[in-house]
Structures are given as C-alpha cells and as structure tokens.
2 protein chains.
Amino acid sequence: MGPAMKTLVSRCPIEEAMQVLSGRWPTLLLYYLKDGTKRFSDLQRDNPTISPKMLALELRKLESAGIVQRTEFGGYPLRVDYLLTPAGLRLVPLIDALGAWWEGVAEPGPAAAAGVPQDGAPAR
Amino acid sequence: MGPAMKTLVSRCPIEEAMQVLSGRWPTLLLYYLKDGTKRFSDLQRDNPTISPKMLALELRKLESAGIVQRTEFGGYPLRVDYLLTPAGLRLVPLIDALGAWWEGVAEPGPAAAAGVPQDGAPAR
DNA sequence: TGGAAATTACGCACCTTTTCGTAACCATGG
DNA sequence: CCATGGTTACGAAAAGGTGCGTAATTTCCA
C-alpha cells in the first residue's frame with residue numbers, strides 16, 4: 001500500500017478516491033460487507049489478521065467517506081452495526097472489475113477470453 | 001494513503017491489484033501515460049511534486065506488474081520511453097470509473113433514502 | 001445468593017516497521 | 001556546463017501491532 005496519502009497533490013477525483021481505498025483493508029472490508037450488515041466482531045472473525053485498532057480506524061475512514069454506515073445501539077454490551085451505503089454498494093462492482101482485470105493482466109490480450117463468470121473470492 | 005502492502009493476507013486478486021495501485025502515484029502516472037509514450041523527464045514535468053526516486057520506484061513497480069512498458073534506447077544522453085501495455089490500457093477505464101464514482105458519492109442515490117436507524121432488526 | 005468472569009466495541013500509550021521526501025551524486029557526449 | 005535518467009544515503013513521518021483499560025449488563029458456578 002500504500003504511501004502516505006494524508007495530503008493530495010491534485011484536485012483529481014481519482015486521487016481522492018484512492019486516498020480512501022488505498023491499502024489492504026478498505027477493499028477487503030468492502031468484500032465482507034457486500035453480504036449485508038456486519039458487526040465489529042463479525043469483521044474481526046472474517047479477517048483474523050486485522051487488529052482491532054486498524055479495524056476501528058478503517059471503518060471510521062470508510063464511514064466518513066460515505067461508504068459505510070455505522071449504527072450504534074445503546075446498552076451493554078455496546079452493539080454497533082456496519083453496512084454499506086448506496087455509494088458503497090455502487091463501488092462494489094468497480095472493485096470486482098479491478099479484481100477481474102488483475103486476473104487477466106498476465107494474459108496476452110483482448111483475444112482469447114472464455115471466462116467463467118465468477119466472484120472475486122478471497123480465499124481466507 | 002494506504003497502508004504498507006508489502007505482504008498479502010489473502011489470495012484475493014483484489015488485494016493483489018490494490019497492492020500495485022495503492023498510493024498516490026500509480027493512478028496519477030496512469031493518467032499521464034494515457035496520452036501515449038512519455039519519457040522520464042516528461043513525467044517529472046507533468047507532476048512536479050514527485051521526486052525522481054519515487055518516480056523511478058513507481059515506474060519499476062508498474063513495469064513489473066505488467067502495466068507499463070519501459071523501452072531503453074542507447075546513446076547519450078540516455079533515452080527511455082514509457083508507455084502503457086495492453087493491460088495498462090484496459091485498466092484506464094476502470095480507474096476513470098472510480099473517479100466518476102467518487103464524484104457521485106455525496107449524491108443521494110437512485111432511490112430515496114428515508115429512515116432513522118432503529119432497533120428491531122438483528123443482523124443474522 | 002454472592003462474587004467472579006465474560007461480553008462488545010473500541011480508545012490510548014508505546015514501540016517497531018515501512019514508506020517516502022530531500023539532497024547530493026554519477027556517467028556521458030555535445 | 002548542460003541535459004538525461006537515474007542511484008544512494010539519510011532522516012522524518014506515517015502506518016501499524018501489542019497490551020491495557022473501560023462501561024454496564026448478563027451469565028456462570030459453587
């Protein structure tokens with residue numbers, strides 16, 4: 001990932017989007033949130049290598065970018081739900097397209113392309 | 001921007017693609033290389049804030065990912081051309097789509113949204 | 001029945017690892 | 001001395017992991 005993207009060098013929307021999506025976690029979280037509402041501990045289980053600190057930071061970044069909605073229910077133990085906003089849902093197919101593109105990078109060219117429609121599946 | 005992506009935590013093509021594209025420079029360089037062949041100094045001029053060190057590192061990363069082709073011509077002063085490979089060209093519209101998506105993130109969405117989050121629907 | 005322990009979703013301080021900017025330098029031929 | 005296409009060393013900054021703490025309710029268990 002990614003470099004220090006705390007600042008921007010252009011007013012390009014692409015750079016702004018990459019500022020949010022750069023790094024290992026944002027797209028992986030997108031992937032797991034595709035399925036619907038998840039809780040903090042669900043996402044920890046889905047992805048055992050993320051630390052709670054990073055999970056909280058990334059979720060808040062996605063929230064403030066308008067990609068994820070956070071809903072806090074009072075009471076104890078505290079309960080919080082995360083789900084994709086409409087903008088987040090619109091992003092999903094674009095990310096999937098990136099994964100499909102990467103799978104074809106090594107390929108020769110536009111010729112042979114008999115692809116089985118498949119999902120971008122992160123094997124664990 | 002993004003976190004340190006020296007390692008992968010999954011075998012997901014999305015994560016692999018993000019490892020290459022994360023950060024400020026890869027997409028910006030893509031943007032400038034869209035126009036056709038560029039030289040090292042062209043890219044420095046296009047983007048005055050990148051240091052020669054970073055430019056060289058990023059170009060090599062893109063090259064080894066199969067996105068950029070580097071062509072060295074002998075003679076002095078040494079001349080080197082950079083241009084997008086077919087895979088790089090295929091990537092361009094996807095990046096553009098990300099930029100367009102970002103410009104619409106703040107927008108409401110196709111359907112009306114209305115609803116104060118409330119209790120009652122336990123997530124699975 | 002009372003006390004201990006578990007639970008959830010983090011925040012904080014501390015420390016290591018990685019990233020990236022700065023500046024200087026290089027080789028060559030014109 | 002200039003331009004080209006870099007490389008290297010240095011150091012600051014950012015990213016990211018670890019461990020500890022926390023709040024109020026519920027559950028466990030002797």
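Each chain gets a letter, A, B and so on, in the order the sequences are listed, and its residues count up from 1.
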Trainee: Does the side chain of Tyr82(B) get closer than 4.0 angstrom to OP1 or OP2 of dG6(D) through an N or O atom?
Mentor: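 Affirmative; the distance criterion is met.
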Trainee: Is the distance from OP1 or OP2 of dA9(C) to the nearest side-chain N or O of Arg70(A) less than 4.0 Å?
Mentor: no
Trainee: Met54(A) has an atom CE; how far is it from atom P of dA9(C), in whole Å?
Mentor: 18 Å
Trainee: Under 4.0 Å: is that the gap between some side-chain N or O of Ser41(B) and OP1 or OP2 of dG5(D)?
Mentor: yes
Trainee: Does a side-chain N or O from Arg39(B) land closer than 4.0 Å to OP1 or OP2 of dT4(D), or not?
Mentor: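 Arg39(B) to dT4(D) OP1/OP2: no side-chain N or O under 4.0 Å.
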Trainee: Inspect the contact between Arg70(A) and Glu72(A) and indicate whether a charged nitrogen and a carboxylate oxygen are less than 4.0 angstrom apart.
Mentor: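 A salt bridge links Glu72(A) with Arg70(A).
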Trainee: Quick one: on DNA chain D, does Tyr76(A) or Lys53(A) contact a more 5' nucleotide (nearest heavy atom)?
Mentor: Lys53(A)
Trainee: Using heavy atoms to find the nearest nucleotide of DNA chain D for Thr49(A) and Leu78(B) separately, return the residue whose nucleotide is more 5′.
Mentor: Leu78(B)
Trainee: In whole angstrom, give the distance that lies between atom CD of Glu72(A) and atom P of dA23(D).
Mentor: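 Spelled out: CD on Glu72(A) to P on dA23(D) is 16 Å.
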Trainee: Run the side-chain contact (heavy atoms from CB on, under 4.5 Å) test against Ala87(B) and tell me which residues pass, sequence neighbours left out.
Mentor: Trp101(A), Val105(A), Thr85(B), Arg90(B)
Trainee: Under the side-chain hydrogen bond (donor to acceptor under 3.5 Å, both in side chains) test, which residues partner Arg39(B), sequence neighbours left out?
Mentor: none
Trainee: Are the side chains of Leu28(A) and Asp46(A) in contact, using a 4.5 Å heavy-atom criterion?
Mentor: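 No, too far: nothing below the 4.5 Å cut-off.
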Trainee: Looking at dA9(C), I'd like to know if its phosphate oxygens (OP1 or OP2) sit under 4.0 Å from a side-chain N or O belonging to Arg79(A).
Mentor: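 No, Arg79(A) has no side-chain N/O under 4.0 Å of OP1/OP2 on dA9(C).
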Trainee: Which nucleotide wins on minimum distance to the side chain of Arg60(A), given the candidates dT22(C), dA14(D), dG11(C)?
Mentor: dG11(C)
